[in-house]
Amino acid sequence: MATRVEAPVITIRPSRGWVSLRVREIWAYRELLYFLVWRDVKVRYKQTVLGAAWAVIQPVLTMVVFSVFFGRLAKMPSDGIPYPLFAFAALVPWTFFAHGLAHASNSLVGSANLVKKVYFPRLVIPVAAVLSGVVDVLLALLVLVGLMAYYGIVPTINIVFLPLFLLLALMAALAVSLWLSALNVQFRDVRYTLPFITQVWLFATPIAYPSSLLAEPWRTVYGLNPMVGVVEGCRWALLSTATRPGGVVLVSALATLSLLLGGAYYFRRMERTFADIL
């Protein structure tokens with residue numbers, strides 16, 4: 001006689017107060033996370049003529065604009081690195097960060113039907129939106145390698161730290177996205193102000209100019225912007241710039257971690273109201 005296996009019973013109760021992050025739930029729903037990431041990647045380039053090439057076109061065109069106006073006309077210093085390469089090495093992590101903000105901030109509103117009908121940890125939605133940009137980063141890095149070969153720059157041992165700086169960029173994108181996605185559920189003004197925030201943040205980050213223009217201790221304080229440490233770290237890892245990130249990366253990492261923990265707790269606290277408001 002076959003043994004009957006009872007299906008596990010999951011009891012869903014409303015949270016109260018400042019709830020725990022329940023990170024294990026995200027791991028339990030890892031297959032859902034994978035399919036959401038894959039869905040976002042496919043939808044983004046569906047019915048486009050150039051497809052995934054758009055992941056490269058955007059930073060390349062931005063690099064050309066920066067090279068003309070900041071490199072040639074404004075004669076902006078570039079720490080001894082050819083300016084196009086100097087700018088593109090910063091635009092790769094920045095584009096990943098900006099992509100995460102743009103897609104994750106509106107991810108809950110865009111998945112309203114799913115949120116209202118099915119139970120799963122809501123954190124999965126913005127996390128998937130941020131992770132879907134990893135494909136774009138890999139494609140942009142291939143172009144960056146080609147640029148380095150064109151200018152005859154060979155990476156040093158510093159390149160082993162590149163994955164850590166890209167991970168820091170992912171954490172920074174997720175940290176800000178958790179705040180914005182939760183706020184966007186209640187205040188739809190977020191999606192209208194986000195382009196302005198992203199534009200200001202772009203020029204507040206040393207992409208078109210080096211952070212070495214600032215003297216210490218202001219250069220380290222500048223690291224309170226999470227993307228400062230990411231950009232300076234990626235340049236140092238890829239191009240071996242003379243200015244070591246040092247304390248800038250440490251300050252940026254601490255700022256990112258604070259934003260991430262605060263955003264995660266805020267997201268969890270507001271999570272119980274998402275289905276009602278959406």
Side-chain angles (χ1 to χ4, degrees), residues 50 52-102 133-156 158-159 161-170 172-173 176 195-214 218-219 222-223 225-246 248-249 252:
L50 298 179
W54 284 111
V56 175
I57 292 174
Q58 182 179 353
V60 167
L61 292 180
T62 307
M63 175 199 69
V64 172
V65 172
F66 279 14
S67 298
V68 171
F69 289 97
F70 291 100
R72 287 188 177 272
L73 299 181
K75 303 297 182 182
M76 190 68 66
S78 56
D79 289 344
I81 305 295
Y83 191 88
L85 188 57
F86 174 84
F88 195 76
L91 285 168
V92 170
W94 170 260
T95 304
F96 175 47
F97 175 76
H99 164 273
L101 297 191
V134 172
V135 177
D136 296 356
V137 172
L138 296 178
L139 293 175
L141 282 174
L142 293 177
V143 177
L144 180 58
V145 170
L147 275 176
M148 292 174 65
Y150 175 78
Y151 285 105
I153 295 181
V154 179
T156 64
N158 296 347
I159 200 170
F161 294 99
L162 180 62
L164 296 179
F165 294 119
L166 293 178
L167 177 61
L168 184 60
L170 187 151
V176 181
F196 173 74
I197 294 173
T198 305
Q199 188 176 23
V200 172
W201 205 325
L202 169 67
F203 290 103
T205 303
I207 296 174
Y209 55 89
S211 66
S212 57
L213 292 177
L214 291 174
W218 298 112
R219 183 170 178 265
Y222 188 34
N225 174 356
M227 288 305 295
V228 171
V230 172
V231 166
E232 289 296 295
C234 286
R235 280 189 180 133
W236 174 76
L238 288 164
L239 309 177
S240 298
T241 51
T243 54
R244 292 178 176 271
V248 173
V249 173
S252 292

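Note: hydrogens, waters and symmetry copies are ignored here, and every other heavy atom, side chains too, is used. For clarity, every value in this text was computed on a predicted model and none was experimentally measured.
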Q.
Within this structure, what is the CG-CG distance for the pair Leu213 and Asp79, rounded to the nearest 0.5 Å?
A. 8.0 Å
Q. Are any of the side-chain heavy atoms of Leu85 and Met63 separated by less than 4.5 Å?
A. no
Q. Does the side chain of Leu166 reach to within under 4.5 Å of the side chain of Leu141, using non-hydrogen atoms?
A. yes
Q: May I ask you to decide if the ring planes of Phe165 and Trp236 are parallel, tilted or perpendicular, using 30° and 60° as cut-offs?
A: perpendicular
Q) For the side chain of Tyr222 and the backbone of Ala204, is there at least one donor-acceptor N/O pair under 3.5 Å apart? A) yes
Q.
Is it the case that the side chains of Thr241 and Arg235 hold a donor-acceptor pair, with the cut-off being a distance below 3.5 Å and no angle test?
A. no
Q. Is Tyr209 close to Pro77 at the side-chain level, that is, under 4.5 Å between some pair of heavy atoms?
A. no
Q. How long is the span from the CG atom in Leu144 to the CG atom in Leu162, to the nearest 0.5 Å?
A. 8.5 Å
Q | Heavy-atom neighbours of Tyr150 OH exceed 12 at 6.0 Å | A | no
Q | All side-chain hydrogen bond (donor to acceptor under 3.5 Å, both in side chains) counterparts of Ser252, not counting sequence neighbours | A | none
**Q.** Plane angle bin for Trp201 and Phe97 - parallel if under 30°, tilted between 30 and 60°, otherwise perpendicular
**A.** perpendicular
Q: Sorted by first residue and then second, give each side chain to side chain donor-acceptor pair (under 3.5 Å) pair with at least one member in residues 81-97; sequence neighbours left out.
A: none
Q: Nearest 0.5 Å please: distance from the CE atom of Met227 over to the CZ atom of Phe96.
A: 9.0 Å
